[in-house]
Number of protein chains: 2
Amino acid sequence: MSEVEAKKTQESLQDRLAQVVDLLQRQRIVESLAHRQEGQHNELVENLVHRQNLVELQRKLDDLHSADVAYILEALPLEERLTVWQLVKAERDGDILLEVSDSVRETLLADMDDHEILAAAKEMDADELADLASELPRDVVHELMETLDAQQRERVRSALSYEDEQVGALMDFEMVTIREDVSLEVVLRYLRRLKELPGHTDKLFVVDSDGILKGVLPIKRLLVNDPDKQVADIMASDTVSFHPDEDGYEAAQAFERYDLISAPVVDKHGKLIGRLTIDVMVDLIREESESEALRTAGLREEEDIFASVWRSLRNRWSWLAINLITAFMASRVIGLFEGSIEKLVALAALMPIVAGIGGNSGNQTITMIVRAMALDQVSHGNGNTKRLMRKELGVALVNGVVWGGVIGVVAYLLYGSWSLGVVMTAAMTLNLLLAAFMGVSIPMALARFGRDPAMGASVMITAVTDSGGFFIFLGLATVFLM
Amino acid sequence: MSEVEAKKTQESLQDRLAQVVDLLQRQRIVESLAHRQEGQHNELVENLVHRQNLVELQRKLDDLHSADVAYILEALPLEERLTVWQLVKAERDGDILLEVSDSVRETLLADMDDHEILAAAKEMDADELADLASELPRDVVHELMETLDAQQRERVRSALSYEDEQVGALMDFEMVTIREDVSLEVVLRYLRRLKELPGHTDKLFVVDSDGILKGVLPIKRLLVNDPDKQVADIMASDTVSFHPDEDGYEAAQAFERYDLISAPVVDKHGKLIGRLTIDVMVDLIREESESEALRTAGLREEEDIFASVWRSLRNRWSWLAINLITAFMASRVIGLFEGSIEKLVALAALMPIVAGIGGNSGNQTITMIVRAMALDQVSHGNGNTKRLMRKELGVALVNGVVWGGVIGVVAYLLYGSWSLGVVMTAAMTLNLLLAAFMGVSIPMALARFGRDPAMGASVMITAVTDSGGFFIFLGLATVFLM
């Protein structure tokens, strides 16, 4: 894919970025000088300096791996980003577009005309094309499809027919296939004729004349065995393979578990149709963990750090709106007890403690359970749920009695009422028990309804422990202290 | 490492777990029967059924990949876990111990005597041994070191001299080295003599007689080039290499960025001392993202889902204690304004909305910035900070005016006081601006002091927006409404 070999000298990525930024800054100073001295007829000189800077910058960029250029583009504000983008050699456009994040890619594509996009896309493989197709202008995609041969077109269509996270959309088509009835010597000669092997080729795929996968020949075995041996004798026939409609995340887990580098993808008849490679799986693992972190904080999507205020607002609004609603509900619960608060204003000061600690504790439970569910260690099928619930309730009870006791004593010392202290301790304990119960139940319930157990679990638990905490504390206070 | 090839048939991991659980349950029923019918002299029959079940279970386990056995051990409660553990063949103990999580490993090691541990450890490579050394009993480690040859001992010592996340602790020693002045034919013959290649061998390391790394020969090139060619002519001399004291996470980023499978580790003289492989990097990426999720929720370490209540408490206490302190501070801020609340009890109901939305918004800002910092897109060096701050303050201002306005109108409708509504809107806006300012400043400050920008950032922002939100809202109310 990338024509420039990965290099790593003493200079770090930050250093490289700093150099580019430096060149861009010099550029800007020259431009602002030119602006100020307009009409002073030394434009020629500035133009020379200007060009010299650009040439130096271009040389730097040419030396960098596509992934590093992508990194620099991501770290630059829009204007500088486009300056750099225009300096990148046209034949590298495709590689770099594939490396940058969705939001940055959008800004780059917006800067290219159809002709440039078409040229970049022509360099791509079918699977890469399919990845980008949804973001390219319709005419460009149409024109592109025309230029492809029948097999390539079929592959793009097939990749497009799967969801983003399905194996069918993640696989590539660069598999090297061999027959089982030949000797290793023949295989070695065949490989030499290929001139180049696809990246991540750690095994060859053994197929019959119908394209049915018979096994795989690990390169390791090819290298250490006698060239006179037959493929059939040393191939592994019982191998990990995937179906195109499988979940990519599960495939990634299998790659992790079995330390795979590549694996065949077969259709339901056992015919080899593609392969998965570890680099795609690593990207998926990384994206998964990132989108989890983003979701936890209520960001809908990865945000280009130089996104406009307007884009950022759109990305964050829905979450704030949901939280506003739950906060409003909690506020109404407090509203129910305004009479009690008026009589004993200490309640107003103490109530956020009960609600807050409940929320923290509930989120701990949820984090632990979502993680265990992601690793398939818990599900309502295997009978671990009850045991877990007992443990979480036990933890909550101890925490409630101990921390609730501490804060109860503090409340007594502050307000001189031992009954207020007791109510505080009781409310803390009950709210922690509620948090533990809901912390186990919410992800389980989400999973039972086929949802992602992490999705929204944190908002829900906070809503419950806030409203619940206020209700329990103010309710107990109203009953016992009024 | 693992002697059983990875298999993946139609049955999923959950199915396999279910089968084991089922066998264990039958086991338990037999045991409880034996218990009830004690003295009825049919012990022989039960013993037979008992043994038959165990044999079936053992057969199942023998068929499974070590990683799958590890998965099953993780998903079982302690008692069942140990039953299964005792059925695992002794020679696989080492592999499986390396696969399970730290907390589960502890329970397994506790069940083994020194002799068994020693036997398991003897199967391990130097780097694996070093990974486990800290968890093994001292005598065992001592005895183990005695049995190793000088080179192995040196390797274990060297690996132990690095921090867990340093390249030196992550590398293995299974590199295949060749000289540059031989032909590919010679290399191919040499590999055949080795009988077996280490896992993840996608390149051979070219060294001179002093062991200095001269370049790498990708297996891909070895396979497609004419066997008469010299290694020196086709090797890549300008390759990505690492130093043992480098940060493992940065190495993992390089693996991701450049799609590496293995890479050489060299000392400061350029001498080859080990190699990094993608499987270790993937584990590191996964662990990093998991520990981030755990830290966000305030769990000190990964928690075995069947950990005792006591262990869970220890894991979660420190965080709850910190939150209790910040909640108490916020409570004292409210305490300052008890007079105002007594006069206008609506303040008590409205104040959690101001604090809560500030916390949510601040956490969104922090998540975005921590992510950008992890990708090296922002640091105080490259001048992006001001721009970011402006953007975040802009987003906060719009959110404050819009959502604050909405909630201000609601407050007016509920309590019939337009001045209360205006105070609410103003407080929301100011608290969101505070959240944005601190959301950018906290991770930057942490990074400047050499700390992990994510560590504790969420607690801090919540502390600021809670106490700050209460202070701003109640303060404004006291000044303008009393």
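Reminder, nothing fancy here: chain letters follow the sequence lines and each chain counts from 1.
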Calculate, to the nearest 0.5 Å, the distance between atoms CH2 and CD1 belonging to Trp319(B) and Ile357(A) respectively. 10.5 Å

For Ile285(A), is it the side chain, the backbone, both, or neither that has a heavy atom closer than 4.5 Å to a heavy atom of chain B? side chain

Let me know if Arg390(B) has heavy atoms under 4.5 Å from chain A in its side chain, its backbone, both or neither. neither

Please walk me through it: do Asp226(A) and Arg192(B) pass side-chain contact (heavy atoms from CB on, under 4.5 Å)? CA-CA 7 Å; Asp226(A) 189 328; Arg192(B) 260 171 229 139; 5.7 Å; no

Select, from Ala330(B), Pro77(B), Gly356(B), Gly335(B), the one with the greatest count of heavy-atom pairs under 4.5 Å involving chain A. Pro77(B)

Flag side-chain contact, heavy atom, 4.5 Å: Leu223(B) against Leu222(A): yes

Which atoms of Ala321(A) come close to chain B, meaning under 4.5 Å heavy atom to heavy atom: side chain ones, backbone ones, both, or neither? both

In terms of heavy-atom proximity below 4.5 Å to chain B, should Lys391(A) be classed as side chain, backbone, both, or neither? both

Minimal heavy-atom distance between Val395(A) and Ser312(B), with the atoms involved, is CG2-CB, 3.6 Å

For the candidates Ile261(A), Leu194(A), Val345(A), Ile334(A), which exhibits the highest count of non-hydrogen atom pairs separated by less than 4.5 Å from chain B? Val345(A)

Under 4.5 Å from any heavy atom of chain B, what part of Pro218(A) do you find: side chain, backbone, both or neither? neither

Heavy atoms, side chains only, cut-off 4.5 Å: are Asp279(B) and Tyr258(A) in contact? no

Bottom line for Val333(A): the part with an atom under 4.5 Å from chain B's heavy atoms is neither

Identify which part of Met351(B) has an atom lying under 4.5 Å from any heavy atom of chain A, answering side chain, backbone, both or neither. side chain

Grab the two heavy atoms, one from Glu256(B) and one from Asp283(A), that are nearest each other, plus how far apart they are. OE2-OD1, 4.3 Å

Could you report the tightest heavy-atom contact between Gly394(B) and Val309(A), atom names first, then the distance? C-CG1, 4.0 Å

Should Lys220(B) and Glu196(A) count as an ion pair when the cut-off is N to O under 4.0 Å? no

To check you understand the geometry: which heavy-atom pair defines the closest contact between His200(A) and Asp259(B), and what is its length? NE2-O, 3.6 Å

Whatever's closer than 4.5 Å to a heavy atom in chain B on Thr201(A) counts as neither

Based on non-hydrogen pairs under 4.5 Å, which of Leu350(A), Leu414(A), Thr462(A) is most in contact with chain B? Leu414(A)

With a 4.5 angstrom heavy-atom cut-off, could you sort out which part of Ile219(A) is near chain B: side chain, backbone, both or neither? side chain

Side chain, backbone, both or neither of Leu388(A) within contact of chain B (heavy atoms, under 4.5 Å): side chain

Under 4.0 Å between a Lys/Arg side-chain N and an Asp/Glu carboxylate O for Glu74(A) and Arg371(B)? no

Non-hydrogen atoms of chain B under 4.5 Å away: do they reach the side chain of Ile366(A), the backbone, both or neither? neither

Pairwise side-chain contact, Pro352(A) with Asp466(B), heavy-atom cut-off 4.5 Å (strictly under): no

Using side-chain heavy atoms (C-beta onward) and a distance below 4.5 Å, is Lys195(B) in contact with Val224(A)? no

Interchain contact, Arg193(A) with chain B, by part (heavy-atom threshold 4.5 Å): neither

What part of Tyr190(B) is in contact with chain A, defined as an atom under 4.5 angstrom from a non-hydrogen atom: side chain, backbone, both or neither? neither

Between Ile407(B) and chain A, with a heavy-atom cut-off of 4.5 Å, which part of the residue counts as in contact: side chain, backbone, both or neither? side chain

Are the side chains of Met368(B) and Arg316(A) in touch, meaning some heavy atoms are under 4.5 Å apart? yes

Arg286(A) versus Gln253(B): any side-chain heavy-atom pair under 4.5 Å? yes

Stepwise side-chain contact (heavy atoms from CB on, under 4.5 Å) check, Leu320(A) with Gln364(B): CA-CA 10 Å; Leu320(A) 287 183; Gln364(B) 289 187 327; 4.1 Å; yes

Note: Ala327(B) and Ile353(A) closest approach over all heavy atoms is O-CG1, 3.7 Å

At a heavy-atom separation under 4.5 Å, does Phe337(A) approach chain B through its side chain, its backbone, both, or neither? neither

Minimum heavy-atom distance Ala349(B)-Ser331(A), with the two atoms named: O-OG, 2.8 Å

Below 4.5 Å from any heavy atom of chain B, which atoms of Trp310(A) appear? Answer side chain, backbone, both or neither. neither

Is any side-chain heavy atom of Val282(B) closer than 4.5 Å to a side-chain heavy atom of Met281(A)? no

Side chain, backbone, both or neither: which part of Ile278(B) has an atom under 4.5 Å from a heavy atom of chain A? side chain

Compare all side-chain heavy atoms of Trp317(B) with those of Asn399(A) and state whether any distance is below 4.5 angstrom. yes

For chain B, find which of Leu347(A), Asn363(A), Asp202(A), Asn225(A) contributes the most heavy-atom pairs closer than 4.5 angstrom. Asn225(A)

